[in-house]
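Below: the structure, in C-alpha cells.
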Amino acid sequence: MYNQIKEAMSVLKEKSEIIDDRYRLGYHIMAPANWINDPNGCIFYNGKYHVFYQHNPFSEKWGPMYWGHVTSKDLINWKHEIIALAPSKEFDVDGIFSGTATINPENNELVAFYTGHRWINQKDDTFEQIQGYAISNDGINFVKPKNNKIDIEVPKDSNHHIRDPKVWHDGHMWNMILGNSTIDKRGRVLLYKSKDLSKWTYVGVLAESNGELGYMWECPDFIRLEDKDILLFSPQGINEEGEKYKNYNQTGYVVGKFNYDTNKLEHSKFYEIDYGHDFYAIQTLKDNKGRRIAIAWMDMWESIMPTQEDGWCGAMTLPRELVLMKNDRIKMKPIEELKDLREEKILDNDNVFVSDKKNLQLGWENDFMELNLSVEGKSNFSIEFNSDNDEKVELQINLLDRYAKLIRNYETKGIEESYRYTEISDMNNIDIRIFIDSSSIEVFINDGEYVFTSRMYPDKNNRNIVIKTKEKINIRNMRVWNLKNIWQ
Ligand code: FRU
C-alpha cells in the first residue's frame, strides 16, 4: 500500500461516522463515507466481481479523485476493500479519473487504465489529462510502474478534455477508446489499437457529435450484443428536445456496425438508456456466465444532493443485464440474483381493483422494498410515493396515451418539481417491478424495456404509497417484499 492510500484510508476510517443515516442505502453500492461518482474498472476477476468507483475520501463533495473499491461473489453482497488507486505521480496529482480494468492473459494480472488529471489553473478550468495504468496480482493491491504514462497520439483538433479509457480485446487486437471534445466543442470518441497493451496506435474517431449531441462525451463503453456493435456514452450538453433529454446530462447509446476498413462505427441515432433523474456514466462487464452487466452512478452532476449534509454522497445503481431487443433497443433487466435480496413477502394479492372512487393505499413502513405489479387492460394510472407535505415521486403509466413519466418534487430539500418521460409502445398489459431503497427508486417496466432511476428523499415519518386512477384498473397480481440490508 503506498503512502497516499494509507493516508486516505485513515481519514476515511475517522470520517466514516455518518452524521445522519436517514438516507443511507440498504442494498446499493456506496462508500463507507464521503463522495463517490462513476463506476470504474468493473470486472469479474479471480472468482469475484470488482467494482471500483470515483471517490473523494476526504469530503462529501467532489475533489481529488481516488478509486474506491468493492468486491462481491454474487453481485448482491458487497464488501468494501482498501482504496485501490491514489494520486501519486506528477501527471495524476489532482485525480485518478475514470477508467477500466482488464486482465492481461499473459500473466493473469489485472491492469487498471485511468486518466491522470492535473490542474493548470482550477479557477479557469484549465488542466491536463494523460492516460496511465497500474497493475495488481490480487485485484486489491495495485502498483504503478515507474513510467506508467501511456504515450498516445492526440489528434490536433482535440481540446484538453480527453479521458475515461475503456480497454478490451476484440479477438485480434487490444482496443482503447477515450471520451473527447474537439476544439470547436463537439463530443466524440477516439479509438486506439495495440498488440501488447503497451504500445498504442491512434486509428481515428469512432463516432462523434454532429453538433447536436453535446460538447463532451464522457465514459464511453463499446460492446457487442447479438451481432450489433453498441457505443454507450454520457454526452454533456445535449439540448432538451420536446419531452426528450430533460435531464442535466444524459446517458445512452447508438447501435450499429463497426467498419474495420474505415475504423468508424456506422450507427443509429442516439437513444437514452434510462429515463430517470439519476443515471450517469454507465460501465459494463462481461461475466463468467456470458452476461453483459451494467452499473451506473446513481446521481447526476449539477443536481442537489441532500445526503451531503449527512457526510456522504453518491451510490451505484443496481446491476442490470443488457439485452438487445428485436427493435435494436436495449433492455436493462434487473439481474436474476436480485431475488436473493428478498426477505419476507409482505403483500401477495390477486385481482385488486382500483377505480376513480377508490385509491389503493399500500402504506410504506420499510426502507428496503421490492414491489411487483401486473396490471391488466389498457388504462392510465399512477403510483405515488409520497410524504405528508406534497413531496413525492410519482410514476405515471399512461397506456392509453402511450407514455410513462416520473415526476419528482422535494422542494424542502431544494429539489424543484421536474419530470422525466418516455414514450411507450402499444400494450394492453404492463408489468412493473420497483426497487425502493431508503433514498432511491428504480422502476423496471416489462422486465427493463423502459427504466427510470431516481434518488428520492421522503420524510420517513409520513410516507405512503398510493395507486390512483381516473378509470378502473385490475391489478392482476401484486407482490411486495422487504429486502435485506447488506451493509448491516
Ligand atoms: C464523469 C466524469 C468523468 C471523469 C470523472 C471525474 O462523471 O466527469 O469524465 O473521469 O467523472 O470524477
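Please read all numbers here as calculations on a predicted model, not as lab measurements. All ligand and atom numbering here is 1-based and tracks the order in the structure.
- Atom CD of E302 is surrounded by more than 12 heavy atoms from other residues, nucleotides or ligands within 6.0 Å.
- A salt bridge between R186 and D184 is present, with a side-chain N of the basic residue lying under 4.0 Å from a carboxylate O of the acidic one.
- Taking every non-hydrogen atom of M65 and a distance limit under 4.0 Å, the qualifying atoms of ligand 1 come out as 12 (O).
- Distances below 4.0 Å separate heavy atoms of Y280 from the following atoms of ligand 1: 1 (C), 7 (O).
- Using a 4.5 Å cut-off on side-chain heavy atoms (C-beta onward), R420 and K405 make no contact.
- Ranking the protein heavy atoms by distance from atom 4 (C) of ligand 1 puts D164 OD1, 3.5 Å first.
- Within a 6.0 Å sphere centred on CD of E90, other residues, nucleotides and ligands contribute 12 heavy atoms or fewer.
- For atom 11 (O) of ligand 1, the nearest non-hydrogen atom from the set D38, N249, I36, D299 comes from D38.
- Considering only non-hydrogen protein atoms, atom 12 (O) of ligand 1 sits nearest to Q54 OE1, 2.8 Å.
- For ligand 1, the atoms sitting less than 4.0 Å from at least one non-hydrogen atom of S98 are 5 (C), 10 (O), numbered in the order shown with element in parentheses.
- With salt bridges taken as basic N to acidic carboxylate O contacts below 4.0 Å, one links K79 and E81.
- Using a non-hydrogen distance threshold of 4.0 Å, T115 does not register as a contact of ligand 1.
- Counting heavy-atom neighbours within 6.0 Å of E416 CD, excluding the residue itself, gives a total of 12 or less.
- Using a 4.0 Å cut-off to heavy atoms of R163, the atoms of ligand 1 that qualify are 3 (C), 4 (C), 9 (O), 10 (O).
- The protein atom (non-hydrogen) at minimum distance from atom 8 (O) of ligand 1 is E218 OE2, 2.7 Å.
- Note on ring orientation: taking the six-membered ring where Trp is involved, the planes of H160 and F127 are tilted (angle from 30° to 60°).
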